[in-house]
There are 4 protein chains.
Amino acid sequence: MSPGRTEAFSDGVFSIAATLLVLDLKVPAANGNLASALAQLWPAYASYAVSFVTIGIIWMNHHAIFAHLRRVDRPLQALNLLLLLIVAVIPFPTSILATYLESGHDQAAAGAVYGLVMTAMGVSFGSLWMYVLRHDGLRTTIIPAARKRALLLRFAIGSPMYAAGIGLAFVSAKLSLLIYAALAVYYLLQPLPAEIGDPRGHLDDAGST
Amino acid sequence: MSPGRTEAFSDGVFSIAATLLVLDLKVPAANGNLASALAQLWPAYASYAVSFVTIGIIWMNHHAIFAHLRRVDRPLQALNLLLLLIVAVIPFPTSILATYLESGHDQAAAGAVYGLVMTAMGVSFGSLWMYVLRHDGLRTTIIPAARKRALLLRFAIGSPMYAAGIGLAFVSAKLSLLIYAALAVYYLLQPLPAEIGDPRGHLDDAGST
Amino acid sequence: MSPGRTEAFSDGVFSIAATLLVLDLKVPAANGNLASALAQLWPAYASYAVSFVTIGIIWMNHHAIFAHLRRVDRPLQALNLLLLLIVAVIPFPTSILATYLESGHDQAAAGAVYGLVMTAMGVSFGSLWMYVLRHDGLRTTIIPAARKRALLLRFAIGSPMYAAGIGLAFVSAKLSLLIYAALAVYYLLQPLPAEIGDPRGHLDDAGST
Amino acid sequence: MSPGRTEAFSDGVFSIAATLLVLDLKVPAANGNLASALAQLWPAYASYAVSFVTIGIIWMNHHAIFAHLRRVDRPLQALNLLLLLIVAVIPFPTSILATYLESGHDQAAAGAVYGLVMTAMGVSFGSLWMYVLRHDGLRTTIIPAARKRALLLRFAIGSPMYAAGIGLAFVSAKLSLLIYAALAVYYLLQPLPAEIGDPRGHLDDAGST
């Protein structure tokens, strides 16, 4: 199978999951002070923004991986479907976190649920990445062994940080959300996926190895 | 008509129907124990996962079929529209099944409704496939008669299994859902559509016939 | 502007509007007989199917028109945006029609509203078509004057039939829905847009004029 | 990174955000006069139309900018993600504005919130544009310095008009909505983005400078 249509379906799920997040923003009843009612919704805005940007980043990195592919096999198709299943579910824990932070009730559990789904997404994305790194025949690019180890290490570091957010939720769900915000900003700024996204760069590397 | 834009519209419907499934996951009211409330929602997660993966598989197989096409005629367009109409409706029986399994009320009927829509989707997909197999002029590939018979037989076997799930719902709706989960895993792992998805393979076959 | 991305955005709106129709199918409360509750929802299924197929047909014809285009100018962009605005609103009158047919209350008004939006869509689509027919520089194809007249006449006949459905709603909203179903089936089966969709056919025609 | 997939994801968000607006149109309860109930919903239709057309215009201009790009770097990716985050949130203030205009309660605040999001979108889009203008290496086109200044000035004029709508909301939220409608019509009719959208035109300009 060619990667093109897998990307089209994936782009669809990423963009719809991101855009459906807005449905969690509930219009306050038209009988009180709108400004103060909207101010109390800050957890909804914060979780909307963190989830939206996280989905956007996963999509960018997904894009960077698929730019390397020349074909998609069945296991990769299944791993991708699993990742999309988790990405598509993100509006649910986002809504849970916003609702429970607003009410102040059972915040730790809500933060842990959000963290669990974020971690599942991270692990699922990492598995996809690892699979692509390990199957040279799927890629258009040659990646030298040293770089592969560096890329795998990077994955090995990222997932525990996502998982740490789950534990942190039992201290403070707000702090946990802040961790996911920080991870989103970090992954937005760090340049690694961009390097992976340039097939010629890797081919040059390989040539000089 | 070229297949390209039919695929674009189809990809849209597949990915949106799959992603809308998340709207059936309802946030528990913020006044009880979140963990136990979420645990009771297991039918919603199970039906979400089965429906999502089933839509994903139908989409992959749809992709495999369209990779063979060089043009789309009116009857194929109509068959495709019928398939999309059924795919787009899947969030509705999924939500019915989840709601009735959670409440424990009228589960057999809910399972049967879910099975009916799944079967309709299977038959609709099979009809599309059969139409493409029978009209050589629509394809870029030549498929030998023996392989066509094998492919048609495969379709003839799949649909009764989908239909059997309807009857099984009257024994146990949970068992019926398990059948659809098993069918999803089976179709995810079995290699047939990948063969159909490789035009050159079929052309080679044809040449050696 | 090239037609490619206008098509991408249009495909998005068509497929999302069609798929959002499922949100109008409401799960019956889990406290009665599910089968009979679902049977009473027939107006929702009927209006879902008519709206879905109508959107599908408009999309196919939209596709057929865009297959002729080599560029998109500002007025065409604006006409297309107007068409998309109306297509995207279709889930609203569909939901109105289903709700009022189910309740039996104020059915004539509900049917008329549905008919109004359908007519607006028909007129908007017709205007787009007319604009494309009249501006030869936008197309890759040459259409002889006689064929243009025939195509314009076809448009002139279609819109009054859509409009007739509005009046018919005051006799019977169900009959009115049946008219739109019949129009959908008619446009699905009639071969005209397929001819327009083949640029070479038109060029040959033009050459023989 | 190539601009292609960034456009695909962006097209997805634009078209979904525009189409989700329809969910704000609520079916009146089937127990009163439908025609008069629908007539009272005019603020919902007006804000639907203004938001839909505004998203459509931002998308057209986004298209025009991306037609110039030969690659997308990280900062541009981040600016684009920020723009999409704001575009995807538009159904929320649109729903607020419609709800509060219908109820007549706290209209100034609702209009100001709508204006704030519109202004944020305008500033975010302007920043994207400015970034593209200032980084010649990202574009396929050469834009002479004088034209760059004119294009930047245009941006500098547009944003204050969006911002003026916020202040105007405290006079009249309806008047404020009218301003955004007027801005939408203005940007729909004015030809500038079309010029930017033609790379050859700019190259010719550059050649004659």
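Worth saying up front: this structure is predicted, and the values here are computed from it rather than measured. We use all heavy atoms of the structure for the numbers below, so side chains are in, but hydrogens, waters and symmetry mates are not.
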* For chain B, which residues of residues 83-99 of chain A have at least one non-hydrogen atom nearer than 4.5 Å to it? -> A:L84, A:L85, A:A88, A:V89, A:P91, A:F92, A:S95, A:I96, A:T99

* Asked: So which bits of residues 12-34 of chain A come within less than 4.5 Å of chain B, counting non-hydrogen atoms only?
  -> A:G12, A:V13, A:I16, A:A17, A:L20, A:L23

* Which pair of non-hydrogen atoms, one from A:T6 and one from B:H63, has the smallest distance, and what is that distance? -> N-CE1, 4.3 Å

* For A:M130, does the CE atom have more than 12 heavy-atom neighbours from other residues, nucleotides or ligands under 6.0 Å away? -> yes

* Asked: What is the distance from atom CE of B:M60 to atom CG of A:L81, rounded to the nearest 0.5 Å?
  -> 4.5 Å

